[in-house]
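Positions are given from 1, in the same order as the sequence printed here.
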Amino acid sequence: MSIGIIIADDKTHKAIKGKYYLIEPTYREPSMYEGSLFLRGLPDTMKGKRSEVMKDINDFLKENCVSRILAYNATFDKKHMPELAEFEWRDIMLLAGYKQFNKKIPSCAECCKSGRLKKGYGVEPMLRLLSGDYCYEETHNAYFDARDELRIVQLLGYTLEVYDEHASIK
């Protein structure tokens, strides 16, 4: 029903620009997050049919020389947005949720043999862990989700080359 995008500098990971999209007619249907669709602090919003929105997203990313899309649990997003298949996808969770990459994961945390946390590796608990702000609560708005995911990238501090090597998804 909505998509949020933030383009960040590939070296500093600082936000450069963003866009917010509402897909018609889906965003008008009742949902548990409908109250989060129109919040303060959102960039200009484009409302349109899915085909129009996806074309605008493709154009926006290409105009800004974007070749990689970083997302938390990127497999989910890539699956639901096949129109963006030509971009390289990187999964932030593959670094954030694994003790070998995330030094803030306590040694007492329950992890799988792979090093992935067994629980508590969603965006909200991960931001709490990385930032030390244990009162943080997600807004569940697509644009603010993108902002949260960028914050995780910033807090982890890895270069895009590390994401290329360890977080690439097919």
Side-chain angles (χ1 to χ4, degrees), residues 1-97 120-131 133 135-156 158 160 163-164 167-170:
M1 83 171 100
S2 64
I3 300 171
I5 297 175
I6 296 177
I7 294 179
D9 180 90
D10 60 353
K11 300 287 186 236
T12 66
H13 304 305
K14 299 285 185 200
I16 298 171
K17 56 178 84 171
K19 279 197 161 189
Y20 181 57
Y21 299 89
L22 294 172
I23 299 172
E24 294 180 348
T26 313
Y27 85 89
R28 294 183 180 160
E29 296 170 9
S31 75
M32 62 193 280
Y33 298 119
E34 65 187 304
S36 296
L37 291 175
F38 302 97
L39 299 172
R40 281 188 206 183
L42 292 169
D44 289 337
T45 302
M46 177 189 170
K47 297 176 188 172
K49 294 179 181 170
R50 183 183 175 96
S51 59
E52 298 165 338
V53 164
M54 296 312 292
K55 181 184 180 328
D56 193 80
I57 290 171
N58 265 290
D59 292 346
F60 178 61
L61 295 175
K62 289 174 185 172
E63 287 165 10
N64 287 281
C65 302
V66 171
S67 60
R68 292 179 199 93
I69 297 173
L70 276 70
Y72 208 88
N73 194 13
T75 304
F76 177 87
D77 291 326
K78 184 177 181 184
K79 177 183 168 186
H80 286 88
M81 293 185 281
E83 301 92 338
L84 303 178
E86 70 183 86
F87 295 92
E88 298 172 27
W89 286 78
R90 304 293 183 258
D91 194 337
I92 301 163
M93 187 173 67
L94 293 179
L95 298 184
Y121 57 91
V123 170
E124 184 175 289
M126 191 53 61
L127 261 177
R128 287 177 176 181
L129 175 69
L130 289 167
S131 70
D133 179 1
C135 296
Y136 173 78
E137 292 184 22
E138 275 184 274
T139 306
H140 295 295
N141 167 284
Y143 183 76
F144 293 126
D145 288 349
R147 186 184 66 187
D148 288 348
E149 293 170 19
L150 177 58
R151 182 77 178 125
I152 291 171
V153 169
Q154 292 167 340
L155 290 166
L156 285 171
Y158 287 109
L160 289 180
Y163 286 91
D164 290 344
S168 181
I169 62 166
K170 303 293 178 208

Under the side chain to side chain donor-acceptor pair (under 3.5 Å) criterion, do D148 and Y72 qualify, and how do the steps go? CA-CA 9 Å; D148 288 348; Y72 208 88; over 6 Å; no
Looking at D56 and E52, would you say the former's side chain and the latter's main chain have a donor-acceptor pair under 3.5 Å? no
Check whether any side-chain heavy atom of M54 sits under 4.5 Å from a side-chain heavy atom of M81, and report yes or no. yes
Checking Q154 side chain against H13 main chain: does a donor-acceptor pair fall under 3.5 Å? yes
Using side-chain heavy atoms (C-beta onward) and a distance below 4.5 Å, is L130 in contact with R151? no
Test side chain to side chain contact (heavy atoms under 4.5 Å, CB included) on V123 and D145 and set out the steps. CA-CA 8 Å; V123 170; D145 288 349; over 6 Å; no
Does some side-chain heavy atom of S2 sit less than 4.5 Å from a side-chain heavy atom of Y20? yes
Please check if the side chain of S131 supplies one atom and the backbone of L127 the other of a donor-acceptor pair under 3.5 Å. yes
Minimum heavy-atom separation for A8 and L150, please, with both atom names. CB-CD1, 3.7 Å
Flag side-chain contact, heavy atom, 4.5 Å: I169 against K78: yes
If you define the side chain from C-beta out and look only at heavy atoms, does anything of I3 sit under 4.5 Å from L22? no
Tell me, with the steps shown, if N58 and E86 meet side chain to side chain contact (heavy atoms under 4.5 Å, CB included). CA-CA 9 Å; N58 265 290; E86 70 183 86; 4.0 Å; yes
Has D77 got a side-chain atom pairing as donor or acceptor with A71's backbone, closer than 3.5 angstrom? no
For the pair R128 (side chain) and Y136 (backbone), establish whether a donor and an acceptor sit closer than 3.5 Å, ignoring hydrogens and angles. yes
Can you confirm whether I57 sits close enough to Y21 that some side-chain heavy atom of one is under 4.5 Å from a side-chain heavy atom of the other? yes
D91 (side chain) donor-acceptor with N73 (main chain) under 3.5 angstrom: yes
Grab the two heavy atoms, one from G120 and one from P125, that are nearest each other, plus how far apart they are. O-CB, 3.5 Å
Main-chain N/O of N141 paired with T139 side-chain donor or acceptor, under 3.5 Å: no
Chi angles and distances behind the side chain to side chain contact (heavy atoms under 4.5 Å, CB included) call for R68, F87: CA-CA 6 Å; R68 292 179 199 93; F87 295 92; over 6 Å; no
Verdict with supporting geometry, W89 and K170, side chain to side chain contact (heavy atoms under 4.5 Å, CB included): CA-CA 7 Å; W89 286 78; K170 303 293 178 208; over 6 Å; no
Rounded to the nearest 0.5 Å, how far apart are CZ of R50 and OG1 of T26? 8.5 Å
Taking every non-hydrogen atom, the tightest pair across G48 and V53: O-CG2, 3.6 Å
Please check this pair: side chain of E24 against backbone of K47, looking for a donor-acceptor N/O pair closer than 3.5 Å. no
Using a 3.5 Å distance criterion without hydrogens, assess whether the side chain of N64 forms a donor-acceptor pair with backbone atoms of V66. no
Is any NZ, NE, NH1 or NH2 atom of the basic residue among E88 and R90 found under 4.0 Å from an Asp or Glu carboxylate oxygen of the other? yes
Can you check whether V153 reaches Y158 side chain to side chain, under 4.5 Å on heavy atoms? no
Could you tell me which non-hydrogen atom of A146 sits nearest to which non-hydrogen atom of I6, and how far apart they are? C-CD1, 3.8 Å
Heavy-atom closest pair (Y143 atom, I5 atom, distance to 0.1 Å) is CE1-O, 3.6 Å
